[in-house]
Amino acid sequence: MALRFYNTLTQTVEDFVPADGQTVRMYTCGPTVWNYVHIGNLRTFTSQDILRRWLQYRGLKLMHVMNITDVDDRIIQQSAAAGQSIYEYTSQYTDAFFTDTGKVRLQRPEQVCKATDHIGDMVKLIEGLTANGCTYESEGSTYFRIASFPEYGKLAHLVFEGLKAGARVDSDKYDKDNARDFVLWKAKKEGEHFWQTPLGDGRPGWHIECSAMAMRYLGETLDIHAGGVDLVFPHHENEIAQSEACTHKPFARFWLHTEHLMVEGQTMSKSLGNFYTLRDLLEKGYAPETVRYLLASVPYRKQLNFTFDGIQAADTAIKRLRNYALRLKTSKFPEGVSAKLAERASAANAQFETALDDDLNTAGALGAIFEYVRETNTAMDAGEFLAGNVAGALDVLARFDKVFEVLEPTAAGGGMDDAAIEALTAERAQAKKSKNFARSDEIRKQLLEAGIILEDTKDGTRWKRK
RNA sequence: GGCGCGGUAGCCAAGUGGUAAGGCAGAGGUCUGCAAAACCUUUAUUCGUCGGUUCGACUCCGAUCCGCGCCUCCA
């Protein structure tokens with residue numbers, strides 16, 4: 001089955017192939033670096049990481065660009081309140097962003113770009129729009145005239161006929177011809193950071209950075225543009241308008257949007273007290289890969305209800321897979337290879353791949369893996385799983401982990417080293433042999449306190465870290 | 001009001017015109033010096049509700065109820 005995605009632009013699931021057949025040129029809206037990432041942000045970024053990994057799994061090359069919005073109203077306010085320049089203020093949150101996303105094992109895009117490094121590209125784009133008659137100036141600011149782009153609304157599928165200009169209360173302080181017109185370049189305000197440009201002293205509007213940087217690095221038509229659902233309107237709609245009105249070419253072929261998450265069935269918000277950053281969760285003792293698993297396990301187009309029961313379930317599910325991997329690596333299986341089980345491994349891989357090809361159905365993919373794990377565990381218990389089947393099973397896990405990447409535990413740091421554990425395990429084996437169960441249990445307890453769990457099997461004792 | 005998404009077991013969740021994946025939790029059992037791991041059995045005659053189409057619908061159509069999102073800054 002072909003790889004396919006739901007495209008917000010057409011509201012249908014479409015087969016996906018990059019325009020040049022091999023390299024996916026993709027742009028995702030990155031963070032506004034004024035705070036630490038919360039789990040809602042992380043859900044979107046995690047879904048994009050799954051997307052990246054799946055495209056690579058399918059043999060495609062990637063040119064993925066993500067922006068860092070390091071100048072906007074909130075940043076200007078917050079940095080002023082903190083008595084810092086916008087650069088000082090945003091650099092700490094930019095660093096924190098990569099630290100946090102690194103912990104949940106998000107791959108870094110091929111190109112990360114900051115808005116403030118691309119003011120020149122934005123100015124050029126705005127000048128191009130002006131040359132095409134799509135802009136107007138008012139009190140030093142430059143606006144995009146929506147009336148100049150008849151297709152406005154095609155992404156969000158909004159119809160604006162009947163809307164009276166100025167009918168909506170405009171919270172923005174700048175004057176506009178039409179309430180829907182949006183600002184490309186904001187005139188300088190006293191005390192605010194600004195750039196001197198041919199457009200006048202000021203700073204960029206919110207939407208222009210994405211168009212300018214996306215086209216700068218990826219050309220006029222991208223294969224994929226992705227973000228959270230809340231960006232569909234007005235952000236992505238405006239990106240389309242300002243890009244296409246300039247180039248007269250489609251800005252992006254596929255638009256992918258990740259649904260929001262809820263927390264314990266409610267919208268996440270600070271006022272409800274259910275607002276969590278990744279740092280909050282890690283402080284509560286959850287492993288970053290557990291958060292990753294939970295966020296990735298629900299398909300990206302479905303709202304995800306984030307609960308503490310859910311994160312607990314994710315933790316247990318990961319342990320099950322780790323135990324399975326441990327069993328594969330430490331057990332002695334009879335010689336030979338079971339053709340039936342080899343076939344079963346191929347079938348599991350096929351199911352896994354079919355699910356992810358189908359608009360990244362992560363829940364379906366996980367189902368394929370767990371079903372395979374249970375069946376092969378049963379075969380192992382029955383003595384039907386043979387030594388020659390180990391490689392195939394490890395391959396199933398490896399394919400899974402290429403996408404989900406949760407099997408390797410995050411190092412807790414400190415603790416006992418492997419040699420010391422092996423020595424105690426050996427001593428305990430001796431004690432058990434001579435039926436000295438008191439000493440045997442003492443060692444088990446000692447290791448448990450150090451976070452090491454011992455498991456006695458017919459092939460000897462194996463250990464793992466908690 | 002307009003546009004869009006969703007309602008499947010205690011919780012999370014896949015699926016689809018042919019008779020309900022998977023994970024977690026619960027109960028019982030097997031194995032075990034202890035413990036752990038693993039496995040087995042068990043938990044939806046039923047997929048928000050009501051109609052319709054069909055040999056057959058959870059899956060298609062209509063209506064209806066409920067939840068959520070966007071329409072203004074927002075992942």
Side-chain angles (χ1 to χ4, degrees), chain A residues 6 8 11 28-32 37-48 72-74 153 156-160 162-163 168-172 179-180 206 226-235 237 257-262 265-269 293-294 297-324 326-327 330-331 351 355 358 361-382 432 435-438 440-441 444-445 448 453-458 461-464:
Chain A
Y6 179 86
T8 305
Q11 297 182 309
T28 57
C29 289
T32 298
V37 279
H38 62 251
I39 54 175
N41 296 321
L42 224 45
R43 204 293 241 229
T44 297
F45 296 133
T46 301
S47 72
Q48 290 161 356
D72 85 330
D73 292 345
R74 287 168 300 186
H157 304 283
L158 296 175
V159 181
F160 298 109
L163 181 88
R168 176 172 290 273
V169 178
D170 183 11
S171 61
D172 210 335
R180 300 278 174 180
W206 173 36
V229 276
D230 55 314
L231 295 185
V232 173
F233 193 90
H235 186 54
E237 191 70 56
H257 295 282
T258 303
E259 255 300 343
H260 274 10
L261 63 65
M262 312 279 287
Q266 290 184 297
T267 303
M268 180 170 80
S269 76
Y293 180 97
L294 178 56
S297 64
V298 178
Y300 78 100
R301 284 207 295 130
K302 175 156 180 154
Q303 274 185 359
L304 185 160
N305 187 15
F306 184 95
T307 65
F308 286 94
D309 280 352
I311 199 167
Q312 196 55 55
D315 185 58
T316 310
I318 291 172
K319 285 196 175 116
R320 181 165 156 84
L321 295 175
R322 286 178 181 163
N323 281 323
Y324 177 73
L326 190 66
R327 185 176 193 187
T330 59
S331 301
Q351 281 171 38
D358 184 13
N361 182 354
T362 49
L366 288 173
I369 297 300
F370 279 102
E371 201 174 348
Y372 172 77
V373 166
R374 195 196 64 246
E375 286 179 23
T376 46
N377 263 323
T378 301
M380 288 178 202
D381 286 353
K432 273 184 59 168
K435 306 254 183 222
N436 182 357
F437 294 123
S440 162
D441 289 347
R444 176 192 291 289
K445 199 179 159 203
L448 186 62
I453 295 168
L454 293 182
E455 295 177 2
D456 293 332
T457 74
K458 64 181 171 60
T461 300
R462 67 189 183 201
W463 60 271
K464 64 187 181 192

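First the proteins, then the strands, lettered A, B, ... as listed; each starts at 1. We use all heavy atoms of the structure for the numbers below, so side chains are in, but hydrogens, waters and symmetry mates are not.
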Inset, instruction - For rU64(B) and rA27(B), measure between their P atoms and round to the nearest Å. - result: 45 Å
Legend entry - P atoms of rC24(B) and rC39(B), separation to the nearest Å: 9 Å
Legend entry - Below 4.0 Å: OP1/OP2 of rA13(B) and any side-chain N or O of Ser297(A): no
Inset, instruction - Using the C1' atom as the reference point in each nucleotide, state the distance between rA38(B) and rG7(B) in Å, no decimals. - result: 36 Å
Legend entry - Distance test, side-chain N/O of Asn305(A) to OP1/OP2 of rC12(B), below 4.0 Å: yes
Inset, instruction - Kindly say if Lys302(A) contacts the phosphate of rA14(B), meaning a side-chain N or O under 4.0 Å from OP1 or OP2. - result: yes
Polar atom pairs (N or O), protein with nucleotides 21-23 of chain B, under 3.5 Å:
from    : atom 1 : to        : atom 2 : distance (Å)
rA21(B) : O2'    : Glu371(A) : OE1    : 3.1
rA21(B) : N1     : Ala363(A) : O      : 3.4
rG22(B) : OP1    : Arg374(A) : NH1    : 3.3
rG23(B) : OP1    : Arg320(A) : NH2    : 3.4

Inset, instruction - Using only side-chain N and O atoms of Arg180(A), determine if any of them is under 4.0 Å from OP1 or OP2 of rC71(B). - result: no
Inset, instruction - Ignoring backbone atoms, establish whether Asn377(A) has a side-chain N or O less than 4.0 Å from OP1 or OP2 of rC39(B). - result: yes
Legend entry - Any Asn361(A) side-chain N or O less than 4.0 Å from OP1/OP2 of rG15(B): yes
Legend entry - C1' atoms of rG6(B) and rC58(B), separation to the nearest Å: 15 Å
Legend entry - Worked verdict on Lys445(A) versus Asp441(A) for salt bridge (Lys or Arg N to Asp or Glu O under 4.0 Å): CA-CA 6 Å; Lys445(A) 199 179 159 203; Asp441(A) 289 347; over 6 Å; no
